[in-house]
Number of protein chains: 2
Amino acid sequence: MHSDGRKIRSLEVAERAQISRSTVSRVLSGDPRISEATRARVLAAADELGYQPNLIARGLKNQSTGIVGVVVTDLDNSYHAHALQLLIEKMGEKRLAPLVFAGNSVEGAESAIARLMSYQVDAVIALAAPFSQSIIAACRTGSKPLVLMNRHEGEESVSAVGGDGAAAGAMVADHLVARGARSFAFFGGDDSTKISMERQTGFADRLAAHSFSLGTVCTSRYSYDPARRAAVSVLSAAPDAVFCANDTLAMALADAARERDAGPPPMIVGYDNSALAARPLYDLTSVDQNLEEMTSRTVETALAMVFDSQAPTVRLTISPFLVERGSTRPRTS
Amino acid sequence: MHSDGRKIRSLEVAERAQISRSTVSRVLSGDPRISEATRARVLAAADELGYQPNLIARGLKNQSTGIVGVVVTDLDNSYHAHALQLLIEKMGEKRLAPLVFAGNSVEGAESAIARLMSYQVDAVIALAAPFSQSIIAACRTGSKPLVLMNRHEGEESVSAVGGDGAAAGAMVADHLVARGARSFAFFGGDDSTKISMERQTGFADRLAAHSFSLGTVCTSRYSYDPARRAAVSVLSAAPDAVFCANDTLAMALADAARERDAGPPPMIVGYDNSALAARPLYDLTSVDQNLEEMTSRTVETALAMVFDSQAPTVRLTISPFLVERGSTRPRTS
DNA sequence: ATGCACTATTCACACGAGTGCACAACTCAA
DNA sequence: TTGAGTTGTGCACTCGTGTGAATAGTGCAT
């Protein structure tokens with residue numbers, strides 16, 4: 001760093017090491033043709049000056065910036081927030097920089113994606129169901145690698161890393177049956193994606209295998225207040241157990257049951273295993289999507305597509321697991 | 001966009017408009033010397049080709065990228081997540097692109113800041129108490145504008161936009177006294193910052209003005225489980241009302257009181273007015289920091305420092321307001 | 001026609017880094 | 001001394017854009 005605030009350039013390093021700028025560049029890129037002596041001299045000079053390469057310039061020349069666009073909606077949902085945090089961490093480990101857009105309007109998302117393109121991102125990671133189609137279109141015309149996380153709805157031609165909702169539904173069915181439930185309901189989200197439906201059919205199918213059938217099916221938007229209202233109709237059917245497509249729905253249901261104060265609440269299973277689910281107040285059995293793994297795979301997939309633009313599209317499915325808590329403990333009534 | 005996926009450059013626009021590349025550049029930068037006729041021709045050509053300027057190249061030439069680094073910790077705290085979402089939205093409106101680092105380790109933060117510098121960010125916005133000192137140091141040596149959000153602890157020489165914790169404390173004291181409370185406790189966070197302390201003293205001072213004194217003072221880390229444990233000692237003092245430095249603390253306290261099941265719970269006031277506070281289960285009176293305003297001001301401040309590197313450091317204080325809910329309704333006992 | 005003022009456009013260089021190719025320096029054999 | 005072979009460096013161009021200074025074009029008065 002210069003005293004006037006200007007950054008150190010490779011030219012300064014070159015001068016201090018009594019060598020040309022080209023050689024500095026080669027040392028930094030590990031070119032084997034450079035002799036040990038000069039390599040050491042250059043590294044020493046770079047170190048003394050505190051040289052940090054200008055990644056913008058490098059990006060321009062290399063046609064690869066190391067920047068990855070991340071599009072996410074609804075950060076107020078702790079699931080998304082947590083996923084974003086993990087994504088950013090994993091990207092850091094791979095030396096990728098996340099240029100993030102978070103918003104809830106379609107216009108906003110579209111202008112944001114245009115901006116991402118202008119910044120020459122190497123790839124885009126999307127965790128934003130409502131905008132999938134716009135994003136897919138934009139990345140196709142911009143021919144940028146795209147990885148959808150936790151979404152399947154795109155055409156087969158786009159890479160996606162998702163959870164196995166059907167398997168989760170089956171696990172939940174097994175668990176509830178083992179816990180002694182005999183009548184079942186499903187409390188789903190009304191998102192336009194197939195996520196909720198996949199969980200539901202996995203659940204229903206496995207129930208059928210146990211010779212039970214799925215009773216009431218309700219849906220609601222994925223936020224608390226509407227879910228709380230919808231919960232009433234779920235409860236009115238008085239099922240032994242309810243599988244919810246989301247922890248927010250599950251908590252709304254639990255709260256509604258608590259307030260109703262008539263008889264024991266149903267067993268409840270949530271989805272996402274959010275921090276709130278673990279609070280003693282809810283003590284909610286929940287499906288954990290293994291976000292740790294899902295985000296790792298997502299970043300790895302994006303990275304692979306950056307390195308090899310011919311890489312085939314990847315469709316990965318991460319196995320979820322069930323975290324059993326008090327909300328599905330058999331009642332001693 | 002070319003068929004082979006290469007981006008359209010200004011050169012292509014120039015050729016299509018039968019004009020030189022310089023003129024294209026001037027049209028886009030609104031140079032008044034360009035005649036209306038050619039301006040229209042250039043814009044038409046750009047439009048037909050779908051030209052989007054390469055902001056990386058522009059950034060290199062202009063020594064200003066339009067990228068702003070955002071450093072944030074603990075996205076699992078919904079307050080931080082919400083603040084980040086708002087920051088990103090406001091930045092989008094100002095045509096700034098957020099390069100985000102989110103993490104909880106100091107080493108991670110330091111390497112991330114170094115990376116931000118390499119990407120030649122125009123400024124840094126930090127919402128990360130634990131790393132303030134590293135960030136301040138890094139921005140100083142890199143001579144990058146820095147705006148701390150909701151933190152005051154830096155030296156006076158760094159710009160900061162924060163809430164008025166003392167005023168909030170006073171408002172809460174007024175409110176609780178008006179509601180009939182006579183004995184008071186404070187449940188604070190043990191962060192190294194002065195945030196919690198500021199709220200506490202504002203509270204205590206106003207209580208004193210009402211001729212009351214602050215009784216029990218407990219502290220805990222800002223996450224649920226430790227708070228839940230610490231809540232027991234708060235309750236053991238049996239105060240009429242408790243002011244909590246954070247909604248998480250407040251909810252932990254409310255849950256502890258609910259579980260204890262001995263007598264009416266104290267009145268409880270939280271801080272941050274998170275979405276959870278509004279849920280009927282908690283119905284928590286809470287201080288709203290006016291994040292909308294705080295984030296707007298933060299972004300505006302950063303932008304001003306980008307445009308004018310000589311801009312004076314700014315220290316803004318945003319007035320909070322109190323959202324009254326059921327947790328401070330007078331008991332009819 | 002010539003000079004002058006004024007406008008619209010182009011030329012050529014810069015930003016900071018990466019890289020193919022030419023070439024300098026050195027070794028070794030004849 | 002000359003030639004070939006090997007090794008390490010440097011020149012010069014490139015990435016896509018912005019911009020000061022030079023130039024071409026126009027109108028008008030002399």
Side-chain angles (χ1 to χ4, degrees), chain A residues 1-2 4-43 45-46 49-67 117-122 142, chain B residues 1-2 4-43 45-46 49-67 117-122 142:
Chain A
M1 204 63 50
H2 275 139
D4 63 357
R6 260 193 6 269
K7 298 283 183 304
I8 300 288
R9 296 161 301 167
S10 63
L11 177 61
E12 272 106 9
V13 177
E15 282 168 354
R16 179 172 248 264
Q18 308 266 38
I19 218 75
S20 86
R21 214 176 48 68
S22 316
T23 303
V24 174
S25 174
R26 288 194 224 280
V27 168
L28 266 59
S29 60
D31 191 312
R33 298 178 312 177
I34 304 297
S35 70
E36 264 322 308
T38 57
R39 175 187 310 281
R41 214 166 65 243
V42 169
L43 289 178
L49 294 171
Y51 172 68
Q52 293 294 117
N54 181 327
L55 296 185
I56 294 295
R58 179 181 288 176
L60 176 59
K61 171 63 187 160
N62 285 358
Q63 305 286 58
S64 166
T65 53
I67 303 178
M117 296 301 183
S118 296
Y119 277 110
Q120 317 296 113
V121 295
D122 284 346
Chain B
M1 204 62 49
H2 275 139
D4 63 356
R6 261 196 1 272
K7 298 285 182 304
I8 301 287
R9 295 162 303 167
S10 61
L11 177 61
E12 272 106 7
V13 177
E15 282 168 355
R16 179 172 249 263
Q18 309 267 38
I19 216 77
S20 85
R21 212 177 48 69
S22 313
T23 303
V24 174
S25 173
R26 290 197 220 277
V27 167
L28 266 58
S29 60
D31 191 310
R33 298 177 313 178
I34 304 297
S35 70
E36 264 320 308
T38 56
R39 175 188 309 281
R41 215 166 66 244
V42 169
L43 289 178
L49 294 172
Y51 172 69
Q52 293 295 117
N54 181 327
L55 296 184
I56 293 296
R58 179 180 288 178
L60 176 59
K61 173 61 189 162
N62 286 356
Q63 305 286 56
S64 164
T65 53
I67 303 177
M117 296 301 184
S118 296
Y119 276 110
Q120 316 297 111
V121 296
D122 284 346

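The shown structure was predicted, so the numbers you read here are calculated from the model rather than taken from an experiment. Within every chain, numbering begins at 1; the chains are lettered A, B, ... in the order of the sequence lines, protein sequences first and strands thereafter. Values reported hereafter were calculated over all heavy atoms of this structure, with side chains retained and with hydrogens, waters and symmetry mates removed.
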Visitor: Hey, does L55(B) reach any base, or is it just sugar-phosphate, or nothing, if we go heavy atoms under 4.0 Å?
Guide: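 No contact.
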Visitor: In whole Å, I'd like the distance from the NZ atom of K7(A) to the C1' atom of dG16(C).
Guide: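 Going from K7(A) (NZ) to dG16(C) (C1'), I get 13 Å.
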Visitor: Please tabulate the protein-to-nucleotide N/O contacts below 3.5 Å involving nucleotides 19-25 of chain D, giving atom names and distances.
Guide:
{"residue": "dT19(D)", "atom": "O4", "partner": "S22(B)", "partner atom": "OG", "Å": "3.3"}
{"residue": "dG20(D)", "atom": "O6", "partner": "R26(B)", "partner atom": "NH2", "Å": "2.3"}

Visitor: Is there side-chain contact between V27(A) and T38(A), with heavy atoms separated by less than 4.5 Å?
Guide: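 Of all side-chain heavy-atom pairs linking T38(A) with V27(A), none is under 4.5 Å.
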Visitor: When you get a sec, tell me which of dG16(C), dG10(D), dG8(D) is the closest nucleotide to the side chain of I19(A)?
Guide: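 Out of dG16(C), dG10(D), dG8(D), the nucleotide with an atom closest to I19(A)'s side chain is dG10(D).
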Visitor: Please report the distance, rounded to the nearest Å, between CZ in R9(A) and P in dA14(C).
Guide: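 About 12 Å, once rounded to whole Å.
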Visitor: Measure from the side-chain heavy atoms of N54(B) and tell me the nearest of dA17(C), dG8(D), dG16(D).
Guide: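 Nearest listed nucleotide: dG16(D).
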Visitor: So, is S10(B) close to the dT17(D) phosphate, meaning a side-chain N or O under 4.0 Å from OP1 or OP2?
Guide: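 The answer is yes; a side-chain N or O of S10(B) sits under 4.0 Å from OP1 or OP2.
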Visitor: Return yes if some donor-acceptor pair links the side-chain N/O of D122(A) with the main-chain N/O of S64(A) below 3.5 Å, else return no.
Guide: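 The answer is no, because no donor-acceptor pair under 3.5 Å joins these two groups.
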Visitor: Got a list of side-chain donor-acceptor pairs under 3.5 Å for residues 52-59 of chain A, not counting sequence neighbours?
Guide:
{"residue": "N54(A)", "atom": "OD1", "partner": "I56(A)", "partner atom": "N", "Å": "2.8"}
{"residue": "N54(A)", "atom": "OD1", "partner": "A57(A)", "partner atom": "N", "Å": "3.1"}

Visitor: Which nucleotide, dA17(C), dT17(D), dG16(C), lies nearest any side-chain atom of R58(A)?
Guide: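 Nearest listed nucleotide: dA17(C).
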Visitor: Nearest whole angstrom, please: distance from the C1' of dT17(D) to the CD of E12(B).
Guide: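 So the CD-C1' distance, E12(B) to dT17(D), works out to 13 Å.
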Visitor: Specify the closest pair of heavy atoms between V13(B) and I8(B), including all atoms of both residues, with the distance to one decimal.
Guide: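 Reported closest heavy-atom pair: CG2-CG2, 4.2 Å.
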Visitor: Send over the distance from L60(B) CG to dA17(C) C1', rounded to a whole Å.
Guide: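 It works out to 8 Å between those atoms.
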Visitor: Respond yes when some side-chain nitrogen or oxygen of S35(B) is under 4.0 Å from OP1 or OP2 of dT7(C), and no when none is.
Guide: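 For S35(B), the contact criterion (side-chain N or O under 4.0 Å from OP1 or OP2 of dT7(C)) is not met.
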Visitor: Output yes when a side-chain donor or acceptor of Y119(B) lies under 3.5 Å from a complementary backbone atom of T65(A), and no otherwise.
Guide: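 Indeed, once roles are kept as given, a pair shorter than 3.5 Å links the two residues.
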Visitor: Counting only side-chain N and O atoms of S20(B), is one of them less than 4.0 Å from OP1 or OP2 of dC11(C)?
Guide: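 Result: no.
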Visitor: Provide, to the nearest angstrom, the distance between the CD1 atom belonging to I56(B) and the C1' atom belonging to dA17(C).
Guide: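 After rounding, the gap between these two atoms is 13 Å.
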Visitor: Whether Y51(B) contacts dG16(D) is assessed here as follows: a side-chain N or O lying under 4.0 Å from the phosphate OP1 or OP2. Is that the case?
Guide: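 The answer is no; no side-chain N or O of Y51(B) sits under 4.0 Å from OP1 or OP2.
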Visitor: Measuring from atom OH of Y51(A) to atom CG of L43(A), what distance do you get when rounded to the nearest 0.5 angstrom?
Guide: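 Those atoms lie 12.0 Å apart.
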Visitor: With side-chain contact (heavy atoms from CB on, under 4.5 Å) as the test, pick out the partner of R26(A) among R21(A), R39(A), R33(A).
Guide: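 Among R21(A), R39(A), R33(A), the one meeting side-chain contact (heavy atoms from CB on, under 4.5 Å) with R26(A) is R33(A).
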Visitor: Under 3.5 Å, is there a donor-acceptor pair between the S22(B) and S25(B) side chains?
Guide: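 No donor-acceptor contact under 3.5 Å links the two side chains.
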Visitor: Send over the distance from Y119(B) OH to dA17(C) P, rounded to a whole Å.
Guide: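 Those two atoms, OH and P, are 14 Å apart.
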Visitor: Keeping the roles fixed (side chain from E15(A), backbone from E12(A)), state whether a donor-acceptor pair exists under 3.5 Å.
Guide: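 Pair absent, no side-chain N/O of E15(A) close to backbone of E12(A).
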Visitor: Roughly how many Å is it from CD in Q18(B) to P in dT9(C), rounded to a whole number?
Guide: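 Whole-Å distance recorded here is 13 Å.
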Visitor: Are OP1 or OP2 of dG16(C) and a side-chain N or O of Q63(B) less than 4.0 angstrom apart?
Guide: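 Yes, Q63(B) has a side-chain N/O under 4.0 Å of OP1/OP2 on dG16(C).
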Visitor: Nearest whole angstrom, please: distance from the P of dG10(D) to the CG of D31(A).
Guide: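 Atom-to-atom, D31(A) to dG10(D), this comes out as 13 Å.
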Visitor: Do Q120(B) and Q63(B) have side chains that approach each other closer than 4.5 Å (heavy atoms only, starting at C-beta)?
Guide: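 Of all side-chain heavy-atom pairs linking Q63(B) with Q120(B), none is under 4.5 Å.
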Visitor: Taking five pairs at each end, how big is the angle between the two axes of the helix from dA1(C)-dT30(D) to dA30(C)-dT1(D), to 10°?
Guide: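 Here the helix ends are tilted 80° relative to one another.
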